[in-house]
Protein chains: 2
Amino acid sequence: MREIDASNALSDRLRPVARTSLSEEIIAQIMDLIQRNVLRPGDRLPPERELCKRFGVGRSSLREALRSLSAMGVVEGRVGEGTFVNDNQQFVQKALQWGMLLDRKMVGDLIETRLMLESETAFWAAQRGDKEDLNHVDETLAQMKGALDDSSLFLEADLRFHMAVARATHNTLLVSLLEATRGYLQEWIERSLAGEERSEERARLSLEQHVEIVSALRRGDGTAARAAMVEHLLSSSLDLRTHFPEG
Amino acid sequence: MREIDASNALSDRLRPVARTSLSEEIIAQIMDLIQRNVLRPGDRLPPERELCKRFGVGRSSLREALRSLSAMGVVEGRVGEGTFVNDNQQFVQKALQWGMLLDRKMVGDLIETRLMLESETAFWAAQRGDKEDLNHVDETLAQMKGALDDSSLFLEADLRFHMAVARATHNTLLVSLLEATRGYLQEWIERSLAGEERSEERARLSLEQHVEIVSALRRGDGTAARAAMVEHLLSSSLDLRTHFPEG
DNA sequence: AAATAGCTGATGGTCAGACCAATTGCAAAT
DNA sequence: ATTTGCAATTGGTCTGACCATCAGCTATTT
């Protein structure tokens with residue numbers, strides 16, 4: 001009898017057959033529907049019991065699929081109402097959120113990675129941002145100016161500023177990554193800076209730096225925008241490190 | 001009778017009660033165990049039927065939790081064997097994988113984002129990489145040299161090179177992100193370059209560029225490393241774009 | 001007429017028990 | 001010593017049931 005062993009060339013072509021579970025199949029199908037815009041954000045899925053018939057599976061398998069999608073933030077189930085497709089696709093967010101929970105050291109890595117991403121973000125925003133994008137950035141700048149005396153509000157506007165810049169790159173992945181990182185850091189930043197003296201002074205300095213960034217963006221000067229962003233991030237992270245000596 | 005309406009100060013303190021499902025509770029608990037290193041990668045969880053008793057829940061709830069963790073890549077169930085904690089924490093990978101499935105445009109964004117990340121990666125690898133890290137990089141370089149005539153093998157070694165550089169930064173988040181992006185692009189790159197003429201010539205050029213990067217890393221010259229990496233990535237992505245005109 | 005209370009059906013969340021298929025480990029047979 | 005075959009374990013799936021919640025309708029009260 002002809003044997004098939006490791007030395008046989010055939011064995012290299014013998015890949016393990018794809019043994020995908022029912023739930024994974026269902027996940028893929030629903031994902032596909034969302035991708036092709038058949039299911040749009042806010043839409044309600046058919047009731048579970050009906051989906052069971054349509055997919056030809058038991059309720060367990062279907063629910064395991066829906067639960068997975070729910071854990072990833074794709075859909076959301078509401079008792080008595082139904083299951084709905086979420087508006088914001090927050091995969092990356094969710095993933096980082098869980099990952100962060102797993103690995104505390106990641107906070108340091110996060111700050112560092114954000115610096116990398118945001119500096120280049122500024123560059124591309126200057127290159128690609130259109131008038132509307134820049135107007136949005138300006139709006140957030142105005143919000144910051146109006147919140148100089150409220151550090152919490154100021155930080156929120158600050159966050160919106162950076163997000164507006166990210167959106168100006170027209171790179172959705174970048175936006176997701178920054179939302180994830182900054183969103184996670186936000187709470188921690190707020191706590192670190194609470195009850196801080198000279199908060200208004202610091203806000204004023206921060207505002208100046210943001211103005212500098214916007215100016216570079218308006219000129220379409222990517223290099224200057226990047227430099228201004230780096231300076232801003234370094235200065236503010238330095239501010240944070242004084243509260244978090246282990247960095 | 002005293003009413004409670006919107007104008008009552010009390011109403012501000014009435015927050016919606018947290019209604020977390022059983023599976024989410026279980027997910028959080030297992031995540032916590034992994035985070036605290038009680039459950040280590042490769043470990044086998046107790047059988048489902050036993051976990052049910054321990055958690056005091058039905059099997060549905062438990063399985064929905066495990067399925068979610070499985071979809072996120074935290075654990076992996078094998079019929080007849082058990083459920084195991086995955087070695088590599090591939091949250092980001094999985095997330096991007098799903099996200100990519102949702103948004104085809106993301107491929108372009110991915111290439112762009114990778115450029116941002118990898119250029120800075122080279123910089124930090126030069127700054128922080130120790131001797132051992134650089135030796136690993138050298139190993140992959142040798143593998144590339146030995147695979148000049150096999151484009152598939154060459155690409156694999158190429159991937160390992162970039163990962164080794166990433167690990168030299170000692171930033172785990174960065175490693176995850178690059179693994180996710182590059183891993184996803186790999187298959188597509190391979191397809192694009194298959195049956196290409198002058199593949200050996202291109203490999204030789206690519207190798208030169210990699211040598212340049214290593215040289216800068218060895219000198220600890222972050223700026224030069226970044227520059228070399230950018231040149232390499234731009235040149236190779238240009239190569240790709242000829243196969244993918246819509247970029 | 002308007003506001004309120006109560007009912008009903010639909011729906012997601014959970015449970016219990018059953019069966020299937022894959023895997024492992026051991027014992028029997030060769 | 002190797003192979004074969006059986007039994008137990010385990011994840012995967014199905015079914016039917018019950019609960020809590022919510023939306024919408026109806027009947028009651030004001």
Side-chain angles (χ1 to χ4, degrees), chain A residues 1-6 14-30 39 42-86, chain B residues 1-6 14-30 39 41-87:
Chain A
M1 170 176 169
R2 240 164 54 98
E3 283 286 336
I4 297 178
D5 62 6
L14 258 41
R15 317 226 131 280
V17 86
R19 253 184 354 201
T20 174
S21 66
L22 291 188
S23 358
E24 282 184 57
E25 180 88 13
I26 295 173
I27 292 178
Q29 280 203 41
I30 293 183
L39 283 175
D43 280 1
R44 201 190 98 159
L45 298 183
E48 294 183 353
R49 289 154 178 91
E50 193 186 328
L51 281 178
C52 293
K53 292 179 203 154
R54 298 245 216 134
F55 282 119
V57 302
R59 200 162 161 223
S60 340
S61 304
L62 178 78
R63 276 191 56 78
E64 282 170 21
L66 289 184
R67 182 60 91 186
S68 294
L69 291 172
S70 166
M72 290 188 281
V74 182
V75 304
E76 179 190 347
R78 293 200 282 271
V79 180
E81 298 182 57
T83 305
F84 299 82
V85 180
N86 259 350
Chain B
M1 172 177 172
R2 242 164 52 98
E3 284 285 336
I4 297 178
D5 63 8
L14 258 39
R15 317 225 126 282
V17 86
R19 254 183 341 191
T20 176
S21 68
L22 291 188
S23 357
E24 283 183 56
E25 180 89 10
I26 296 173
I27 292 178
Q29 280 202 41
I30 294 183
L39 284 176
D43 280 2
R44 201 190 98 158
L45 298 184
E48 293 183 354
R49 289 154 178 90
E50 193 186 327
L51 281 178
C52 292
K53 293 178 203 155
R54 299 244 215 132
F55 281 119
V57 302
R59 200 162 162 222
S60 334
S61 304
L62 178 77
R63 276 190 57 78
E64 281 169 20
L66 289 184
R67 184 60 93 186
S68 294
L69 291 172
S70 166
M72 289 188 282
V74 182
V75 304
E76 179 189 347
R78 293 199 281 271
V79 180
E81 298 183 57
T83 305
F84 299 82
V85 179
N86 260 349
D87 317 45

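The figures here come from the full heavy-atom set of this structure, side chains too, leaving out hydrogens, waters and symmetry mates. Chain letters run A, B, ... following the sequence lines, proteins first, then strands; residues in each count from 1.
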CG/L39(A) to CZ/F84(A) distance, rounded to the nearest 0.5 angstrom?
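L39(A) CG to F84(A) CZ: 12.5 Å, rounded to 0.5 Å.
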
Kindly determine whether N86(B) and V75(B) satisfy side chain to side chain contact (heavy atoms under 4.5 Å, CB included), including the steps that lead there.
CA-CA 5 Å; N86(B) 260 349; V75(B) 304; over 6 Å; no

Using atom types as modelled and distance alone, determine if a side-chain donor or acceptor of R63(B) lies under 3.5 Å from a backbone N or O of G58(B).
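It does not hold such a pair.
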
Expected output: side-chain S61(B) to main-chain V57(B) donor-acceptor under 3.5 Å:
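Checked: no pair found.
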
Please report the distance, rounded to the nearest Å, between [atom1] in [X] and [atom2] in [N].
{"X": "I26(A)", "N": "dT13(D)", "atom1": "CD1", "atom2": "C1'", "result": "11 Å"}
{"X": "R78(B)", "N": "dG12(D)", "atom1": "CZ", "atom2": "P", "result": "11 Å"}
{"X": "R44(B)", "N": "dT23(C)", "atom1": "CZ", "atom2": "C1'", "result": "11 Å"}
{"X": "L45(A)", "N": "dA10(C)", "atom1": "CG", "atom2": "C1'", "result": "16 Å"}
{"X": "K53(B)", "N": "dG17(C)", "atom1": "NZ", "atom2": "P", "result": "12 Å"}
{"X": "E76(A)", "N": "dC22(D)", "atom1": "CD", "atom2": "P", "result": "12 Å"}
{"X": "E48(A)", "N": "dC14(D)", "atom1": "CD", "atom2": "C1'", "result": "15 Å"}
{"X": "L69(B)", "N": "dG11(D)", "atom1": "CG", "atom2": "P", "result": "14 Å"}

Would you say the side-chain atoms of S68(B) and R67(A) include a donor-acceptor pair closer than 3.5 Å?
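The answer is no; no qualifying pair exists.
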
Report the residue (E81(A) or L22(A)) whose heavy-atom-nearest nucleotide on DNA chain D is the more 5′ of the two.
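Final value for this comparison: L22(A).
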
Sequence-distant partners of R49(B), side chain to side chain contact (heavy atoms under 4.5 Å, CB included), two or more places apart:
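Result, side chain to side chain contact (heavy atoms under 4.5 Å, CB included) vs R49(B): R59(B).
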
What residues in residues 58-68 of chain A put a non-hydrogen atom under 4.0 Å from any atom of DNA chain D?
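Per residue number, the list reads G58(A), R59(A), S60(A), S61(A).
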
Under 3.5 Å, is there any donor-acceptor pair linking the side chain of R49(B) to the base of dG17(C)?
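In this structure, the two groups form no donor-acceptor pair.
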
